[in-house]
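Scope of the values below: all heavy atoms of this structure, side chains included, with no hydrogens, waters or symmetry mates.
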Amino acid sequence: SLKRLQTDYIDLYQLHWPERHTNFFGTLAYGNAQAQNDYDTTPLEETLLALQEEINRGRIRYIGLSNETPWGTMKFLHLAEKLGVSKFVSVQNPYSLLNRTYEI
């Protein structure tokens, strides 16, 4: 992919959509506890360590999140601090005066 992009690195690599059941579209009375057990997901720690490996190799400069929940954002930040790896520097979620679903 880097060769196709004619570059040696990516300035900002963003993870899009969490790999877990979550309340993506503001459903009221969302029940998260049972959804977490529906299928296996990649542990967040494993994701952070893989991203750090690419940062160490110089293929990625910074990492960010897109369409992540407040819980997921805080969990990633906490784990990054705990593991001593790079933290996410950006969050790209749809948010405006007309679209305030991020607050749910």
**Q.** V91-I60 co-clustered via ILVMFWY side chain contacts under 4.5 Å
**A.** no

Q: May I have the step-by-step check of side-chain contact (heavy atoms from CB on, under 4.5 Å) for E68 and F76, ending in yes or no?
A: CA-CA 10 Å; E68 181 57 271; F76 270 120; 3.6 Å; yes

Q: Over all heavy atoms of both residues, which pair between S86 and A80 is shortest? Give the atoms and the distance, please.
A: O-CB, 3.7 Å

Q. For the hydrophobic clusters of this structure (ILVMFWY residues joined by side-chain heavy atoms under 4.5 Å, transitively), does one cluster hold both L77 and I55?
A. no

**Q.** Check against side-chain contact (heavy atoms from CB on, under 4.5 Å), V85 and L51
**A.** CA-CA 9 Å; V85 297; L51 290 168; over 6 Å; no

Q: Please check if L49 and I10 belong to a single hydrophobic cluster, counting links between Ile, Leu, Val, Met, Phe, Trp and Tyr side chain heavy atoms closer than 4.5 Å.
A: yes

Q. After noting the C-alpha distance and the side-chain angles of S90 and L12, does the key distance pass the side-chain contact (heavy atoms from CB on, under 4.5 Å) rule?
A. CA-CA 9 Å; S90 69; L12 177 63; 3.7 Å; yes

Q) Can I63 and L15 be said to form a side-chain contact (heavy atoms from CB on, under 4.5 Å), step by step? A) CA-CA 8 Å; I63 53 176; L15 297 180; over 6 Å; no

Q: Could you state whether W71 and L79 fall into the same hydrophobic cluster, counting links through intermediate Ile, Leu, Val, Met, Phe, Trp or Tyr residues with side-chain heavy atoms under 4.5 angstrom apart?
A: no

Q.
Is any side-chain heavy atom of H16 closer than 4.5 Å to one of Q92?
A. yes

Q: Answer yes or no on whether R59 is positioned over the face of Y9, meaning its NZ or CZ is under 6.0 Å from the six-membered ring centre and within 45° of the axis.
A: no

Q: Provide the closest heavy-atom pair for L44 versus K75 in the form atom of the first, atom of the second, distance.
A: CD1-CG, 3.4 Å

**Q.** Gap separating the CD atom of E46 from the CG atom of L83, nearest 0.5 angstrom
**A.** 12.0 Å

Q) Above 12 or not: heavy atoms from other molecules or residues under 6.0 Å from CG of D11? A) yes

